[in-house]
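Presented below is the structure to which this report refers.
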Amino acid sequence: MRFVNALFVAVFGIMACIAGFNFYGSGAVVLIALGLISVGYGGYIAFSRGSYFMTDWFYALPIVGGLVLFAGLNR
């Protein structure tokens, strides 16, 4: 289950990074930073042996990332 959780968080991070390159200004910086943090946190979840924070709404992150990516690619 740890790797499934990590995958959901990391997929969102990758989508946010890709979308960030299609936005301009502070929105792009925020999306890229959020994406990098999410990928890093996904790696932490996958490879650390300690506890980690995970709630049910994290499972919606890839859907949110897909919507943000769709909006970014249609600009």
Side-chain angles (χ1 to χ4, degrees):
M1 195 65 190
R2 177 179 290 268
F3 291 109
V4 173
N5 294 342
L7 184 67
F8 274 92
V9 175
V11 164
F12 167 75
I14 292 168
M15 286 188 211
C17 283
I18 294 170
F21 287 112
N22 292 301
F23 284 100
Y24 302 102
S26 60
V29 173
V30 168
L31 272 176
I32 293 171
L34 184 65
L36 291 175
I37 290 169
S38 296
V39 169
Y41 189 59
Y44 168 78
I45 291 172
F47 298 111
S48 75
R49 301 207 185 274
S51 61
Y52 58 92
F53 176 74
M54 188 78 184
T55 62
D56 288 341
W57 63 269
F58 275 18
Y59 295 112
L61 284 177
I63 297 169
V64 173
L67 293 174
V68 170
L69 182 62
F70 182 74
L73 294 178
N74 284 325
R75 281 193 65 125

Query - Nearest non-hydrogen partners of Arg49 and Arg2, listed with the distance - result: O-NH2, 4.0 Å
Report task. For the pair Tyr41 (side chain) and Phe53 (backbone), establish whether a donor and an acceptor sit closer than 3.5 Å, ignoring hydrogens and angles. Result -> yes
Query raised in the report: Out of curiosity, does Tyr44 fall in the hydrophobic cluster containing Leu34 (side-chain heavy atoms, cut-off under 4.5 Å, transitive links)?
Result: yes
Query raised in the report: What closest approach, in Å, do Ala6 and Gly42 show between heavy atoms, and which atom pair accounts for it?
Result: CB-O, 3.2 Å
Query raised in the report: Which pair of non-hydrogen atoms, one from Ile32 and one from Cys17, has the smallest distance, and what is that distance?
Result: O-SG, 3.8 Å
Query raised in the report: If you look at every heavy atom in Ser38 and Gly13, which pair is closest and at what distance?
Result: CB-CA, 3.6 Å
Query raised in the report: Step by step, would you call Tyr59 with Asn5 a side-chain contact (heavy atoms from CB on, under 4.5 Å)?
Result: CA-CA 8 Å; Tyr59 295 112; Asn5 294 342; 2.6 Å; yes
Query raised in the report: Is Val9 reachable from Val30 through a run of hydrophobic residues whose side-chain heavy atoms are each under 4.5 Å from the next?
Result: no
Query raised in the report: In Å, rounded to the nearest 0.5 Å, how long is the span from CZ of Phe3 to CZ of Phe8?
Result: 15.0 Å
Query raised in the report: Can you name the nearest heavy-atom pair linking Phe23 to Val68, along with the distance?
Result: CE1-O, 4.1 Å
Requested in this report: Go through Ile14 and Val39 one step at a time and tell me if the side-chain contact (heavy atoms from CB on, under 4.5 Å) criterion holds.
Outcome: CA-CA 7 Å; Ile14 292 168; Val39 169; 4.0 Å; yes
Query raised in the report: Under a single-linkage definition using a 4.5 Å side-chain heavy-atom cutoff for Ile, Leu, Val, Met, Phe, Trp and Tyr, are Leu61 and Tyr52 assigned to the same hydrophobic cluster?
Result: yes
Query raised in the report: Do Val29 and Ile37 share a hydrophobic cluster, counting only Ile, Leu, Val, Met, Phe, Trp and Tyr and linking them when any side-chain heavy atoms are less than 4.5 Å apart?
Result: no
Requested in this report: List the atom of Phe12, the atom of Pro62, and the distance in Å for their closest heavy-atom pair.
Outcome: CB-N, 4.4 Å
